[in-house]
Protein chains: 2
Amino acid sequence: MPPKKPSRTAAKPVRPSALQAESLQQTRREHASETAEDYVEAIADLTASLGEARVVDLARRLGVTHVTVNRTLARLQQAGFVTARPYRGIFLTAEGRQLAAACQQRHTTVIAFLRSLGISEHAAEIDAEGIEHHVSPETLAAFERHLRREAR
Amino acid sequence: MPPKKPSRTAAKPVRPSALQAESLQQTRREHASETAEDYVEAIADLTASLGEARVVDLARRLGVTHVTVNRTLARLQQAGFVTARPYRGIFLTAEGRQLAAACQQRHTTVIAFLRSLGISEHAAEIDAEGIEHHVSPETLAAFERHLRREAR
DNA sequence: TACATCTTGTAGCTTAGGCTACATTTTGCC
DNA sequence: GGCAAAATGTAGCCTAAGCTACAAGATGTA
């Protein structure tokens with residue numbers, strides 16, 4: 001028989017206790033908001049360059065079909081980030097614009113930070129897209145600090 | 001009427017063209033493997049410290065219920081990363097051990113890198129959990145290079 | 001040995017995010 | 001004005017990953 005740990009009380013509502021469990025739960029929470037962040041950022045960009053964001057534009061931009069965009073927009077509307085009427089353009093609410101601005105700022109910082117480490121433009125773009133959603137304010141501040149130090 | 005972009009040909013099987021679309025698709029692919037990585041890493045740790053990994057241990061460790069662990073293990077078994085029999089311990093295959101080792105290595109590097117930027121232990125742990133899955137080999141190499149430079 | 005407890009397994013629900021296929025509305029243009 | 005094409009919307013399917021509730025196997029100890 002393999003070495004057996006002493007039995008532990010089960011604690012029905014499983015409380016994670018471990019730091020790793022906490023970290024993983026945080027990561028899962030972040031995943032839930034990633035979509036919203038990607039969409040508002042894309043909408044902000046498209047609005048800036050084209051005057052409004054359309055479903056097809058978003059689909060092309062995000063690499064999904066227009067159907068996926070549609071369903072996601074419904075949720076974002078419920079969440080109060082965007083306004084949209086059937087067959088019309090999509091616009092950000094004040095809250096949406098605020099979120100988009102923060103994301104764009106963070107995105108720029110992460111890219112600049114990766115580039116400062118000697119990472120190629122292409123890899124920096126790709127990695128930043130995955131990394132940025134998991135960068136805490138503390139870590140973002142550290143990135144900015146590092147960039148300022150580099151600039152000297 | 002808002003300024004209207006010139007209509008573009010639709011290209012039925014939407015090809016993403018844009019770099020951002022490519023990046024986002026890459027990020028989605030990474031999400032799909034994140035779970036596998038987290039599980040094999042946890043199983044490797046538990047096996048090292050307790051001799052075997054049990055469903056309850058994994059559940060506690062990952063911050064989910066044993067039901068979720070069970071279903072995920074079935075997929076990991078199909079994918080060839082773990083072996084398990086009903087009511088028995090869970091073990092990694094050779095492939096699983098290899099993946100776990102790579103993940104642990106990468107995890108350690110990311111943590112060390114964040115710490116070297118002056119980020120607190122706690123924030124580094126949490127951020128690393130989200131970031132590590134999106135770090136390309138090129139970026140990982142840059143992290144290691146930075147650490148070596150720091151060490152001088 | 002038997003029973004209570006812990007562990008594991010199963011059924012079935014939910015949400016999110018992909019998709020194809022098809023219907024409907026807008027719109028550019030002759 | 002009318003028509004074809006583009007854009008948008010809708011129905012319905014899939015997988016992944018969470019959950020609760022309940023069933024059944026394993027085990028330690030009285």
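The structure presented is a predicted model; accordingly, all values stated were derived computationally and were not measured. Every heavy atom of this structure was used, including side-chain atoms; hydrogens, water molecules and symmetry mates were not. So you know, we letter chains A, B, ... as the sequences are listed, proteins then strands, and number each from 1.
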Taking the basic N atoms (NZ, or NE/NH1/NH2) and the acidic carboxylate oxygens, is any pair closer than 4.0 Å for B:Arg88 and B:Glu52? no

Can you measure from NE2 (A:His146) to OG (A:Ser116) and round to the nearest 0.5 angstrom? 5.0 Å

Rounded to the Å, how far apart are A:Leu73 CG and D:dA7 P? 16 Å

5' priority, DNA chain C, between A:Pro86 and A:His31 [closest heavy atom]: A:His31

Ignoring hydrogens and geometry beyond distance, is a side-chain donor-acceptor pair present between B:Asp38 and A:Gln20 at under 3.5 Å? no

Separation of C:dT15 atom C1' from A:Arg29 atom CZ, nearest Å, is 17 Å

Roughly, in whole Å, what's the span from CG in A:Asn70 to C1' in C:dC22? 14 Å

Is A:Glu95 salt-bridged to A:Arg97, cutoff N-O under 4.0 Å? no

Considering every strand and a 4.0 Å limit on heavy-atom distances, what is the contact class for A:Thr72: base, sugar-phosphate, or nothing? nothing

For the residue pair B:Glu34 / B:His134, report whether a side-chain donor-acceptor contact shorter than 3.5 Å exists. yes

Interatomic distance where NE2 belongs to A:His66 and C1' belongs to C:dT25 [whole Å]: 12 Å

Please report the distance, rounded to the nearest Å, between CG in A:Leu58 and P in C:dG18. 13 Å

Separation of A:Tyr87 atom OH from D:dT10 atom C1', in whole Å? 9 Å

B:Val56 has its side chain closest, among C:dG18, C:dT8, D:dG9, to C:dT8

Would you say D:dG18 has OP1 or OP2 under 4.0 Å from some side-chain N or O of A:Arg28? yes

Expressed as a whole number of angstroms, how long is the span from A:Arg85:CZ to D:dT8:P? 14 Å

At less than 4.0 Å, is any side-chain N or O atom of B:Thr68 found next to OP1 or OP2 of D:dC19? Yes or no. yes

Report which part of the nucleic acid A:Val55 touches: base, sugar-phosphate, or nothing (heavy-atom distance under 4.0 Å, all strands). sugar-phosphate

With a 4.0 Å cutoff (strictly under), does any side-chain N or O of B:Thr35 reach OP1 or OP2 of D:dA16? no

Just compare D:dC19, C:dT7, C:dT27 and give me whichever is closest to any side-chain atom of B:Arg54. C:dT7

Whole angstrom is fine here: how far is it from CZ in A:Arg71 over to P in D:dC14? 14 Å

